[in-house]
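Notes follow once the structure below has been shown.
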Amino acid sequence: MKKNHIKTIIRYIIFSVLITFFALSCKNSLDNSLNIEPRNQLTDASVWANSTTADIFLNDIYGRLFDGNNCWDILDNWTDISMCGLFWPPSKTSTVYNHEYNATNGFEMRTGYTDGTTEPFEWGHQYSFIRKCNIFIASVNANAANFSADWMKTRLAETRFLRAFFYNNLYMAYGGVPILTEALNLNSQGDSIFHPRNTADQTYNFITTELGAIANDLPNTASDYGRITKGAALTLKGYVELFNHKYADASVDNKAVIDLGVYSLYPDYANLFLPAGINNNEGILFRLYLPPALGGRESLRGPCFNNEGVEVCWGGVNPSQQLVDDYAMANGKPITDPLSGYNPQNPYNNRETRFYKSIVQDSSLFGNETLYTRIGIGSLNELDVNERSDASNTGYMLRKGTSPDNIGAQNWNNGTSSENYYFFRYAEVLLNYAEAKIEANSIDQSVYDAIDKVRQRSELPTVETSYGTGLSQESMRSIVRRERKVELAFENKRWWDLIRWRTAEVEINKPIMAMKITKNANGQWVYTSVPAINGNHKFDASKNYLFPIWQSIIDQNPKITQNPGY
Amino acid sequence: MNKLLRKHGNPPLFYQFFRKMKLTILILTASILSCLSAETYSQTTKLTIVSSNSTLLNVIRAIEEQSEFKFFYNEKVDVNMPVSVEVTGKPVTDILDKVLSNTLVKYKVLGRQIALYDKNEMEPFMSEQQERKITGKVTDQAGVPIPGATVIVKGTTTGVTTDNNGKFYMTLPGNAKVLVFSFVGMKSQEVSVSPNSDYNIVLTEQIIGLNEVVTVGYGTQKRGALTSAISVIKGDLLQGQPVADLSNSIAGRTSGIIATQSSGEPGSDGSNILIRGISTIGNSQPLVIVDGVPRNYAQLDPNSIASISILKDAAAVAPYGMAGANGVILITTKKGKSGTPLLSYNGYAGWQNPTVLTKFVNSFQYASLMNAAKDNEGASHVYSEADLQAYKNHSDPNGHPDNNVLKELITPNAMITKHNLELSGGTDKVNYYTALGYLSQDGMWGPTNYKRYNLTSNIDIHATKYTEVSISINGRVEDRNSPAVSSSGIFYQAFRTPPIAPVKFSNGLPGGWIGSSVYGDIFDSGYTKNLGYTLLNQFSIEQQLPFIKGLSVKAVLSYDYNPGDSSNPGSGISSFERQWVTPIPFYTLSTSTTPYTYTQAGNGGPSKPQYYENFTQNQAFTYQAYLNYHNTFGKNDLRGLIVLEERNTKFSTFGASRLNYDVLLPELNNGSSASVDVGNSGYSSEGKQESGLYRLSYAYAGKYLLEASGRYDGNYYFAPGKRFGFFPAFSAGWRISDEKFIKDKLTWINNLKVRGSYGESGALAGSPFQYLRSYSLYSGASVLAGNPTTGMVENSEPNINITWERAKKTNIGFEASFWNGLLTAEADYFQEKRSNMLASPNIVVPIEYGVGISQKNAASMSNKGFEIALGSSHKFSDDLLVSLNVNATFAKNKLGQIYENTVTYNNPNRRVSGRPMGTQFGWRAIGFFKPEDFNQDGSLKSGIPTQSWGPVHPGDIRYADTYGPNGKADGIIDNNDIVPIGKSFVPEIIYGISPSIIYKGFDLNMLLQGAANRDFYITGAGAWPFYSSSSATIDNLDYWTPTHQDAKNPRITSSPAPNNMVTSSFWVRNGSYLRLKTGQIGYTFPASVVQRIKVKSLRVYVSGQNLITWSPIKNFDPEVSDSQGMYYPQQKVVSVGLNVTF
């Protein structure tokens, strides 16, 4: 009896030992049997193995260039030249209600970009793009054996350009920022991942030095249309120099772009911003669009109602009376000139062509329909005096870059537009050159030539014909600034121009003016300039020349110091 | 056991089967009994008993386990006497002859019953004196006959069983005083012998259920021997409810489950089920196991469910290791039972309507509100008196419509129908269960509907005496149809469309509002058709190993096409989806002409049709090897289990699209072939898991229970060398009621058990391959050289140490039953500490870092609560049985480390850590600004804190000043003043009350289900009038004016003032509710009636779902899933149904 029990127990023990042994001996092979290669991810080894996959990494960085054609609250809406017609755009919520810009709210200069990932002045975004550039540069260098020398030269230069471009976004907005030229790594760098801000000068020097160093590595004409060229590097360099009031340098670099001889003005100012003008010799740095996946949405910005009352655009951009007043007469003279022939009660008559190509005004044709902003005839586009709808708050709507053929819900939902978005185009280089020379007070014929070239494209007489000869530096300054305001309107340039000229508090603190057209007692239509509803912007010169740094940035890196006044 | 005859050792399955029987199935058992005559069985059944140096009791048990024989004996028989027997393949009589030779015990075989008696006692059936014949019938409380019930003369071994009509014929010995009627799963009944010779006995169901067999992880266990927290929902409770998705039938049925149904859309109206609340910031979904394998259960046919076990504590979930931390739902499908084929039909037809539809203002109210808003703003009226009149008197339905937009679109009384056919039966060698189900559920509008076809087939083959083979095939096809615009898109547009906008003109043309047409979104947008395929295949073979008593091995192989297993990422449903997206034209009318003219005003869809096809495939391969042991040594009961498991999952998907169709035939080949119009995509992935698990249970005298279980679990998610984890649990129980001091003195206590468990389980966190440095490709990065490019992004920095979540769970509970089931109670206290949750500690690096740093297993959280279930059942007379079950669960969690940023962490009011997850934060509203708060010039009087959302006016919401930079109120209402304003959307308390009454043939049962300690937040179009050009709800009519200052809403403005839209307690609503979730009244026709129409049983019923809802909220369903109410609402269903068994 006892013996049998023991026998059973021994059986159990042997059995358990076998099982345990089996389990233990399996452990390693079990672990290995769980090896599975991910199939929808790539590893370092495969990415930097050849130029084809490395290019894919760079394609992504190109896509991080500001997606300007998918915005509805463009930067100009924070300035004197336009405002947003919608109810709750960032440009209104942060200013109309006297929002103080501060570390908590930030500057809230957000463009209503539909997914927000390329917001140009978002600290975190720009640094994530900079990281991509740093990884590309380091990885390509580390795997140099896998690439051809030519490919490396060009691609590294492109990437360094893009990095400088992202740094420039930060520099303009915040002044000095931490200059990181290699990807941060918590594991290997420890506490040294916390970098303080570099000074504004260091940041400026970094940008210009980099651009200077790579310019000659870049081709005059890109192998693939849309890639960075030598012209782009010199243009950005010249622009930053102008921004930093380094006028001599700026004139040299802008002149160098002109002397490249690869750029010319596209003959049709309207088509330049429409699909018809995609391929041109005027664009220097631009983002390309290609529907369906990579299309733009001009209907976010264009005129609201069309087609018997259908909302065809959101009306994100309402040009101001201030801007309209700066369009010259067709004879080249400003409307303030008594000889210009301007009639305030027939204000849209005989204006320069850029006016008609940029702005939709009362009684103008859009597509095959005449739009009315005048009050009292039941038009849905009637001037919105109490913020009742998306209709214009100024009596003006955006025509530049908006085609009646493209717009509608389909466009604002799906991005079906293919026109380019320009960061820099040749017309600006000409104006940058002129401005640099004027500010350096070395005004010569080349200055007149540059401005006249821009005016001639839009069928305007020369500066001297329009304004007379023997113009002072002061006059030339206001001429080039007016030219710039008109030529580059709605291209997200105005804010930085006002910052550069230190005139932001003057221009931005003026209320946005609207054109109110009403019938008087005699049955005549009367044009009156009135403040637009919710058109007040505010700019505090004591601090607003630099953006505040968001508190969360400082919270996560205590070495970052806030800008003065915030 | 005193004087009563003792009976024991019913094989668990047999018992379980009868506990769960549908009355109809009983009849089949009866037929087996009548098929085989007693002699045949005792002679044809050959048994092998090898039991040397054992006891008589063990031999009896061995015979019972191998056969259908049952032994009866009284205390005179010493079953513990030592015996020795070794026979192979002999009839039972041979064995007993051998065993009982040289003993005082004799036996007698009566069919399948064997009586043992002391040879000195009178032999049963030998007493001929004064004997008389009696007859009778045994039925259940519904009047259905019970075949196979035992009738025994008390104090003797004399007895018979009932035939398949529940009838018995018996010769009573002269000294018979009392008859004992018993049947498995029923309460035994003693009846005094009366001069009457006809006995009609009604047996009631036994509620104590200690012998009920409960499905546990990788096995079964008797309820009385459980040491873990497991609740069971029986399949029959789920049947006949007019709901498509099984998950909606679980809420309120048992304690421990927290369920929220977030949508009523056919085909996607399932509830989100949580077991004991939320314990993790990661995935909180429980693991779902169907017939032993991870699979989705929601779309199984409720009729083929045998039971649902909810595994709640560490001891219960330990066998699931790295997947068990959120609890486990075990589904068991029905199996066949020997007997003649039994065919039954169950079907119902129901009518669905939304439980609550948000009520919007009518046109006149809308226009008046807008004018009032303009008055407030000093602006001119938008609507003239003539407009108002036209809206009011409906004189101009096209130019001045008055639409109740949702009502206009919804077809009331959408049908839901279900048909189910079940066939089951079997022979000695093969049992089968097969069922066919069809469900059709219409949506609130024509294009939306759901159809489901289920096929279940479970076959069990007793291949040899020691071998059992089971084959199970469970398949379904799901057909989901909806407009091309998603329901959220439709409701978005419906909520925005004000009553003054034309939904549809009288000539049938659709109208529009802000660039799209809600009518067109539903009826003209094309379609989405999703065909889902599921096929769950399982083969198992179980082999007894007679050389070690009680040892068996089992192998299970399963191949699932579309397991829909929620614990595996990417394992959505395998489906083929086709989407046809068409232009959605809409029209405006010009009132300047007579008659009005209509022109196409726009198009809410693409300019030309588009067509998409998507194919998704999920497969899972599961291999399990079991080693099972169960033996008894005297009073010691020992069970052991070892399982090795491997699971492999495969996922792949691809899609194709064409745009710009000129030919209106939705096939890929018919679309534009321009390269920009052609698209495709696809990828695949794979997953793998290797595990070994064990369970050891020991019981002494059925009183002292101990269990240890655990799993060694490895998953491909993690880095080599860091893939395997060990998850053990221990539990113990004490059946106090079996102790002498209760058993003898407190006889009203039928059962009292305390139990406790502690253990560790795990949960997968994050996503696979987080340990690898990797890059992901995406299409459409940038345009270069006129072509779209592919782009690549660096994924978050890898973390080689990434691992699973750890959950340490403690549970203490008791189970009790008093006064023979008049009161049953079960209560549990639980607490859990979850650690190693993945969190992104991004705050430890500067924002300049530029990429997400790897997650770390560093977050922690705790969750605790209790749950209670009470039951009572009382039979007032033979005709009236009343029962009531109540359960409630309370669970509250608390966040620990979550890498909160310093801004909120340093403000005690805003700190998220240490508060329950989902706590809502915002400003505390303290009423409205009053006119006297302002100076003459409209500025706020000094001393009143200023608010930072623009100028305020009387009637705007005023917020409390609670905090400032120095920790004190600072006169400025800004982010510092944010405080907790509401509880989580997930209820802390959930409860169910289910009364039931059975009176003669009628049965009534209800389920009231409620939730409390829950808040939700309303915003947007659901809260604010004219928000984003949308409409206004009837609640908005009650707005602040100087003469109506105690209004429900702030002053009216033509678009909501930003000050009034900030997140504040003003818009927090109490989300408590109680609803009559299910109600059913049935009538079972008497057997005498149905037999005339050659039917075995017939029941008709009326059933309802979500019939009544009590909630402080009137304008939303309290389970609302969208803060604006823009979602497909839950449905109220009333149905009529029929069960027939042939």
Side-chain angles (χ1 to χ4, degrees), chain A residues 1 4 11 19 23 30-31 33-36 38-44 47 56-57 59-60 62-63 87 93 97 104 123-124 127-128 130-132 135 178 180 184 186 193-195 224-227 288-290 292-294 307-311 386 388 408-410 551-553 555-557, chain B residues 53 377 379 382 514-516 548 588 590 599 601-604 606-607 642 676 683-686 688 690 692 714 716 720-721 723-724 769 772-776 780-786 788-795 843 845-851 853 901-903 949-950 975 1054-1055:
Chain A
M1 188 162 153
N4 270 330
R11 272 190 203 155
I19 294 260
L30 272 178
D31 199 289
S33 78
L34 290 176
N35 283 339
I36 286 176
R39 292 191 224 154
N40 51 354
Q41 299 177 3
L42 286 87
T43 57
D44 265 325
V47 172
I56 296 175
F57 191 93
N59 291 341
D60 168 59
Y62 269 98
F87 290 110
T93 50
Y97 297 102
T104 311
W123 183 283
Y127 271 105
S128 72
I130 288 166
R131 177 189 177 88
K132 290 169 189 289
I135 285 189
L180 311 174
L184 298 179
L186 178 62
I193 59 171
F194 297 94
H195 290 255
D224 301 325
Y225 187 61
R227 284 194 188 275
L288 295 173
Y289 287 82
L290 187 67
L294 290 156
N307 216 345
E308 303 213 341
V310 178
E311 184 160 358
N386 48 20
R388 167 183 167 175
Q410 174 64 8
Q551 188 58 40
S552 55
I553 295 166
D555 285 343
Q556 285 185 225
N557 181 359
Chain B
N53 297 321
E377 291 157 1
V382 178
I514 328 181
S516 52
I548 295 180
T588 49
S590 164
T599 40
N603 174 16
S607 51
I642 293 172
V676 294
Y683 74 98
S684 66
S685 65
E686 197 177 331
K688 203 168 180 190
E690 305 263 15
Y716 79 107
R723 285 170 171 158
F724 281 84
F769 310 119
L772 280 178
R773 180 183 177 89
S774 65
Y775 302 84
S776 291
S782 52
V783 183
L784 290 173
T789 65
T790 301
M792 184 195 302
V793 290
E794 179 194 12
N795 296 326
I843 57 164
V845 297
I847 287 179
E848 301 86 80
Y849 206 80
V851 74
I853 70 163
N901 68 51
T902 51
V903 175
W949 305 280
N975 285 350
S1054 59
S1055 65

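Order of the sequence lines sets the chain letters (A, B, ...), proteins ahead of strands, with each chain counted from 1.
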I'd like to check the salt bridge (charged side-chain N to carboxylate O under 4.0 Å, His left out) partners of Asp555(A); sequence neighbours left out, ordered by chain and number.
none

Among Thr790(B), Leu772(B), Val793(B), which residue has the highest count of heavy-atom pairs closer than 4.5 Å to chain A?
Thr790(B)

Looking at Ile56(A), Leu288(A), Asn557(A), Val47(A), which has the largest count of heavy-atom pairs under 4.5 Å with chain B?
Ile56(A)

Minimal heavy-atom distance between Leu34(A) and Gly714(B), with the atoms involved, is CD1-C, 3.6 Å

Where Ser128(A) and Gly850(B) come nearest, the two heavy atoms and their spacing
CB-O, 3.0 Å

Report the C-alpha distance between Val783(B) and Tyr62(A) in whole Å, list the side-chain angles of each, state the deciding distance to 0.1 Å, and finish with yes or no for side-chain contact (heavy atoms from CB on, under 4.5 Å).
CA-CA 8 Å; Val783(B) 183; Tyr62(A) 269 98; over 6 Å; no

Would you sort out whether Tyr127(A) and Ile847(B) count as a side-chain contact (heavy atoms from CB on, under 4.5 Å), showing the intermediate values?
CA-CA 8 Å; Tyr127(A) 271 105; Ile847(B) 287 179; 5.9 Å; no

Any heavy-atom pair between the side chains of Pro846(B) and His195(A) that's under 4.5 Å?
no

Chi angles and distances behind the side-chain contact (heavy atoms from CB on, under 4.5 Å) call for Tyr849(B), Arg131(A)
CA-CA 7 Å; Tyr849(B) 206 80; Arg131(A) 177 189 177 88; 4.1 Å; yes

Could you walk me through whether Arg227(A) and Leu784(B) satisfy the side-chain contact (heavy atoms from CB on, under 4.5 Å) test, starting with their C-alpha distance in whole Å, then the side-chain angles of each, then the deciding distance to 0.1 Å, before giving a yes or no?
CA-CA 7 Å; Arg227(A) 284 194 188 275; Leu784(B) 290 173; 3.7 Å; yes

Are Lys132(A) and Val851(B) side-chain neighbours, meaning at least one heavy-atom pair lies under 4.5 Å?
no

Sort Ile130(A) into side chain, backbone, both or neither according to what part of it lies under 4.5 angstrom from a heavy atom of chain B.
neither

So which of Ser607(B), Ser1054(B), Pro606(B) has the largest heavy-atom pair count under 4.5 angstrom toward chain A?
Pro606(B)

What part of Ile36(A) gets closer than 4.5 Å to chain B, counting heavy atoms only: side chain, backbone, both or neither?
both

Interface check, chain A: of Glu848(B), Glu690(B), Glu794(B), most non-hydrogen pairs under 4.5 Å belong to Glu848(B)

Which pair of heavy atoms, one from Gly791(B) and one from Asn59(A), lies closest together, and at what distance?
CA-CB, 4.4 Å

Per-residue tally against chain A (heavy atom, under 4.5 Å) across Ile514(B), Thr789(B), Asn603(B), Val676(B) peaks at Thr789(B)

Residue from Arg773(B), Glu377(B), Arg723(B) scoring the most non-hydrogen pairs under 4.5 Å with chain A is Arg723(B)

Any donor-acceptor N/O pair, Gln41(A) side chain to Ser776(B) backbone, under 3.5 Å
no

With rounding to the nearest 0.5 Å, note down the distance linking CD1 in Ile135(A) to OH in Tyr775(B).
5.5 Å

Over all atoms of both residues, closest heavy-atom pair of Arg39(A) and Ser684(B):
NH1-OG, 2.6 Å

What pair of heavy atoms forms the shortest contact from Ala785(B) to Asp224(A), and how long is it?
CB-CB, 3.7 Å

Check whether Pro292(A) gets within reach of chain B through its side chain, its backbone, both or neither, counting any heavy atom under 4.5 Å.
side chain

For Ser782(B) and Gly63(A), which heavy atoms make the closest approach, and how far apart are they?
CB-N, 3.6 Å

Indicate yes or no for a side-chain donor-acceptor contact from Asp31(A) to the backbone of Gly721(B) under 3.5 Å, with no hydrogens or angles considered.
yes

As an exercise: rank Thr43(A), Ile553(A), Leu186(A) by heavy-atom pairs under 4.5 Å with chain B and give me the winner.
Leu186(A)

